[in-house]
K.L.:
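One structure, as structure tokens, below. Some questions next.
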Amino acid sequence: MASPRLDIDIVNDSSSFVRGIAYDPKKETLQLKLSSGTYRYYGVPALTFAMLITSPSDGKAYNKLIKGQGFRSRKMKVANDPLTDIVGG
């Protein structure tokens, strides 16, 4: 079963850590392409996503808003991830 496309696509070329962001507001699912791989986070509120994408530093915002905040997450296998094209894969 193929994963649905995320509704919002934001590609960030200015950060060396966060390389791409996609968010599905209906499912509160955030997908981040980081320098260490692509990860999907579940249960991320729209406000957290908005704060992440408007922050002057994506890496600092990720560390403050996402990392260690209790969101269920998983590392994506890029070759099997139909959303990779969304986040610049």
Side-chain angles (χ1 to χ4, degrees):
M1 183 167 127
S3 298
R5 257 181 94 80
L6 299 180
D7 291 341
I8 296 174
D9 171 18
I10 297 173
V11 176
N12 182 347
D13 295 326
S14 64
S15 175
S16 61
F17 180 68
V18 178
R19 297 186 177 165
I21 302 171
Y23 182 73
D24 183 337
K26 292 177 185 171
K27 294 186 177 184
E28 294 188 325
T29 301
L30 174 69
Q31 184 164 311
L32 295 175
K33 183 172 185 177
L34 306 177
S35 58
S36 59
T38 301
Y39 298 84
R40 191 170 294 167
Y41 296 87
Y42 303 92
V44 178
L47 179 59
T48 300
F49 169 69
M51 292 169 64
L52 178 67
I53 64 169
T54 58
S55 172
S57 170
D58 291 337
K60 288 180 183 176
Y62 166 79
N63 286 327
K64 181 179 179 180
L65 300 169
I66 306 298
K67 185 178 179 182
Q69 296 303 311
F71 296 115
R72 188 170 57 89
S73 65
R74 71 180 179 115
K75 186 170 184 176
M76 306 303 294
K77 295 183 192 278
V78 176
N80 298 324
D81 181 11
L83 300 176
T84 301
D85 63 319
I86 290 177
V87 293

K.L.:
So do Arg19 and Leu34 actually touch side chain to side chain, heavy atoms under 4.5 Å?
P.N.:
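No; the side chains remain at least 4.5 Å from each other.
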K.L.:
Between Gln31 and Thr38, does a side chain to side chain contact (heavy atoms under 4.5 Å, CB included) hold up when you go through it step by step?
P.N.:
CA-CA 7 Å; Gln31 184 164 311; Thr38 301; 3.5 Å; yes
K.L.:
Would you compute the distance between atom CE of Met51 and atom NZ of Lys64 and round it to the nearest 0.5 angstrom?
P.N.:
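It comes to 6.0 Å.
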K.L.:
With the side chain counted from C-beta on, respond yes when Lys60 and Ser55 share a heavy-atom pair under 4.5 Å apart, and no when they do not.
P.N.:
no
K.L.:
Nearest 0.5 Å, what's the CG-CD1 distance between Leu65 and Ile53?
P.N.:
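It comes to 11.5 Å.
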K.L.:
Between atom CG of Leu32 and atom CG of Leu52, what is the distance when rounded to the nearest 0.5 Å?
P.N.:
6.0 Å
K.L.:
Does Glu28 have any side chain to side chain contact (heavy atoms under 4.5 Å, CB included) partners at least two apart in sequence or in another chain, and if so, which?
P.N.:
Tyr23, Pro45
K.L.:
Tell me the closest heavy-atom pair linking Phe71 and Ile66, and the distance in Å.
P.N.:
CD1-O, 3.8 Å
K.L.:
Does the Lys33 side chain pair with the main chain of Tyr39, one donor and one acceptor, at a distance under 3.5 Å?
P.N.:
no
K.L.:
Apply side chain to side chain contact (heavy atoms under 4.5 Å, CB included) to the pair Thr29 and Val44, showing each step before the final yes or no.
P.N.:
CA-CA 6 Å; Thr29 301; Val44 178; over 6 Å; no
K.L.:
Any pair with a residue in residues 41-50 that passes side chain to side chain donor-acceptor pair (under 3.5 Å), sequence neighbours left out, goes on the list, sorted by first then second residue, please.
P.N.:
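Every side chain to side chain donor-acceptor pair (under 3.5 Å) pair that includes a residue of residues 41-50, provided the two are not neighbours, is Tyr41-Tyr62, Tyr42-Arg74.
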K.L.:
Would you please name every residue forming a side chain to side chain contact (heavy atoms under 4.5 Å, CB included) with Thr54, sequence neighbours left out?
P.N.:
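Not a single residue meets the side chain to side chain contact (heavy atoms under 4.5 Å, CB included) criterion with Thr54.
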K.L.:
Look up atom CZ in Arg40 and atom NZ in Lys27, then write down how far apart they are to the nearest 0.5 Å.
P.N.:
9.0 Å
